[in-house]
Structures are given as structure tokens and as C-alpha cells.
Amino acid sequence: MAKMVHNGTEAMIMEAFSYELALGRSDQVDFDIAVFTNLMRDHLDFHGIKEGYKDAKAKLFAGMVDPTCHHMIMNIDDPNATLFIAQGNPDAPIVTFAMENKNVAIHLLKFQLSLFETQVLVNTPQGILEISSSLLGRHNIYKFLAAVAIGITVGAPLEDIVKGIEEDYLKYRENNYYPPFPNDHRLFLYDIRRVDVGYVVAMGEEGDMVVVAGKGHEAYNIEGDKNEFFDDREACREALPYVDELHQAGIDISEFPWQNDQYGGSNLNGGRYNST
């Protein structure tokens, strides 16, 4: 961060992990804005019990003490929001957001989930925003709402908020996964394959078989002059916990064109045969 300041950076967003908060690694960081998205069951291997995890998260909001410069942004759909609000100065400004609760400053009016895109209509005190993103699923809608709340809090123009959310994912992929070669060509491989593997695993239901082929057994991709770790098996394992979540999010797997017989789908021992 010191190097960022030296280079002229004026703002940054940092994810404060609960175990880092518990260990005091962020104690010397004076955050201007603290954002609460949700309370899950993460890092219980470190905290032992959920209360320890909750107490660690609370430290972030306990630092919101100066009403002139500190702000809290809260997902009111999560019942733990009131606990974290109580940690800070009651005079510190609070911006609330939600998908289900409509009696908050920033709330969802409408959303549509498809295979390759999430579309949302968001109500804000400054007007209604229409956002389209390649990030999929209900959990990402909460991230959009949090990002909108941050933009509103810092006074960003509405069009800049929309543009930032819609372009952020693409910039992240281009800058981090598609390194330029000397001839200015880019390698569109690493992240695309991970996404493809995730999609085909998400198609699976009980009794299905998913075949991931075409890459080989090597646990790496060659990017320029470097070997970057990538293992199809690990990608499958990473995707499995999200299968139920994707189905619950309402993504219609019939939208996959290769579900049709004309794309080579066939029955195997009574189940479907999917491949990538």
C-alpha cells in the first residue's frame, strides 16, 4: 500500500479476511468505508466457532468512529447486519442495500439470470440503474448492490458506477489472465477453460458423467514463457460446491446448446453424457 501511495494511488478496495482482522493485520489501516455483504461459515478452521468468526468481522466496523469520514455499507437482508452496525459510532453514515428488503436506500427492482449474463435493475436515491454483467448468480447480485452503494457513498456519477461494474470483470480477466505476447497477441486460454469446466460441471445432475478432455494430464498451462498452474481436476473440484447454488439461482441449463442431440449429447447407462 505504501508503494501505491507513492505512485499516486488515491483509492483502493481491500478484502479484509476475518483471520487477518483477528490477527490484527489491518489494525493500522484507517478504512474510510466498511462494507458488510454477508456472514457465512468461512475460516472456521481458524476461528473454531462461528462466534469467533463474527467477532473478527466486527473489528472492521468498530473502526468506523468518525462521522466526518467513516461510512458503513450494510446488506440488510443478512440478519447479522444490526450487530455490525452497532459496533461503530451511531452517528457514522450508513448506506443500506438489499435484494429482498425494499425499504432500504439501494434495493433490487428486477433481475434476470441467464447462462452467460446477469441483468439487474437497481433503485438508488439518485435514480435507477440498469446493469449487465458476465458474473453469474444471485451471490454476485449482492456484490453489484454493494458496489453501487460504494459508488453512491463516494459521489460517483451513476453512469460511472454502471460502467465500472460492467467493465470490471473484463478488465480483470484481460489484465491478469491474458498476458500480452511480444507481437501484441493474447492467449485466451487459462480463464476461459476454467469457466468452461465450471459450466459443464454445473450442467451435471445426479447420475450424470462429465468428461473434461482436450488438454492432457499436465497440471499447467503455458502462458508466454511461463508455466502457470492449472489442473482440470482441481477446476472440477472447485466447481462442485457451486452446483447446487447455480441450480438454486435459477440458471436454466437447457440454454446450453450442446444439451441437444445434434451437438453430440447421448445417453450413457441411463444418464446424460456431457463433455468439454
**Heavy-atom pair of closest approach, residues T96 and A105** = OG1-N, 3.3 Å
Could you pull out every donor-acceptor pair under 3.5 Å between side chains of residues 62-76 and any protein atom, sequence neighbours left out?
residue, atom, partner, partner atom, Å
D66, OD1, T68, N, 3.0
D66, OD1, T68, OG1, 2.6
D66, OD2, T68, OG1, 3.2
H70, ND1, G63, O, 3.3
H70, ND1, V65, N, 3.0
H70, ND1, D66, N, 3.0
H70, NE2, D30, OD1, 2.8
H70, NE2, F31, O, 3.4
N75, OD1, D77, N, 3.0
N75, ND2, T37, O, 2.6

**Request:** Could you tell me whether the side chain of T153 and the main chain of A149 form a donor-acceptor pair under 3.5 Å?
**Result:** yes
**Side-chain donor/acceptor of K102 to backbone N/O of L108, under 3.5 Å** = yes
**Prompt:** What is the ring orientation for F36 with F61, classed by angle as parallel under 30°, tilted 30 to 60°, or perpendicular over 60°?
**Reply:** perpendicular
**Prompt:** Is there a donor-acceptor contact under 3.5 Å from the side chain of S133 to the main chain of L135?
**Reply:** yes
**Item:** Contacts of D91 that satisfy side chain to side chain donor-acceptor pair (under 3.5 Å) - sequence neighbours left out
**Value:** none
**Between CG on residue N89 and CD1 on residue I94, distance to nearest 0.5 Å** = 9.5 Å
**Request:** Considering non-hydrogen atoms only, spot the tightest contact between A22 and K59 and give its length.
**Result:** O-NZ, 4.2 Å
**Request:** Could you check if a side-chain atom of Q126 sits within less than 4.5 angstrom of a side-chain atom of I152, using non-hydrogen atoms only?
**Result:** yes
**Asked** If you look at every heavy atom in H107 and N101, which pair is closest and at what distance?
**Response** CB-O, 3.5 Å
**Item:** Residue pair A235 / V197: nearest heavy atoms and the distance that separates them
**Value:** CB-CG1, 3.9 Å
**Prompt:** Does the distance from a Lys or Arg side-chain N to an Asp or Glu carboxylate O, for E20 and K57, drop under 4.0 Å?
**Reply:** no
**Fill in**
When every non-hydrogen atom of V201 is compared with those of C236, the smallest separation belongs to CG2-SG, 4.1 Å
**Asked** Excluding sequence neighbours, so at least two apart, what forms salt bridge (charged side-chain N to carboxylate O under 4.0 Å, His left out) with E130?
**Response** none
**Asked** For M1, does the CE atom sit with more than 12 other heavy atoms under 6.0 Å from it, leaving out its own atoms?
**Response** no
**Prompt:** In terms of side-chain geometry, is the basic nitrogen of D231 or R237 positioned less than 4.0 Å from the acidic oxygen of its partner?
**Reply:** no
**Request:** Measure from the side-chain N and O atoms of Q87 to the backbone N and O of L83, and report whether any donor-acceptor pair falls under 3.5 Å.
**Result:** yes
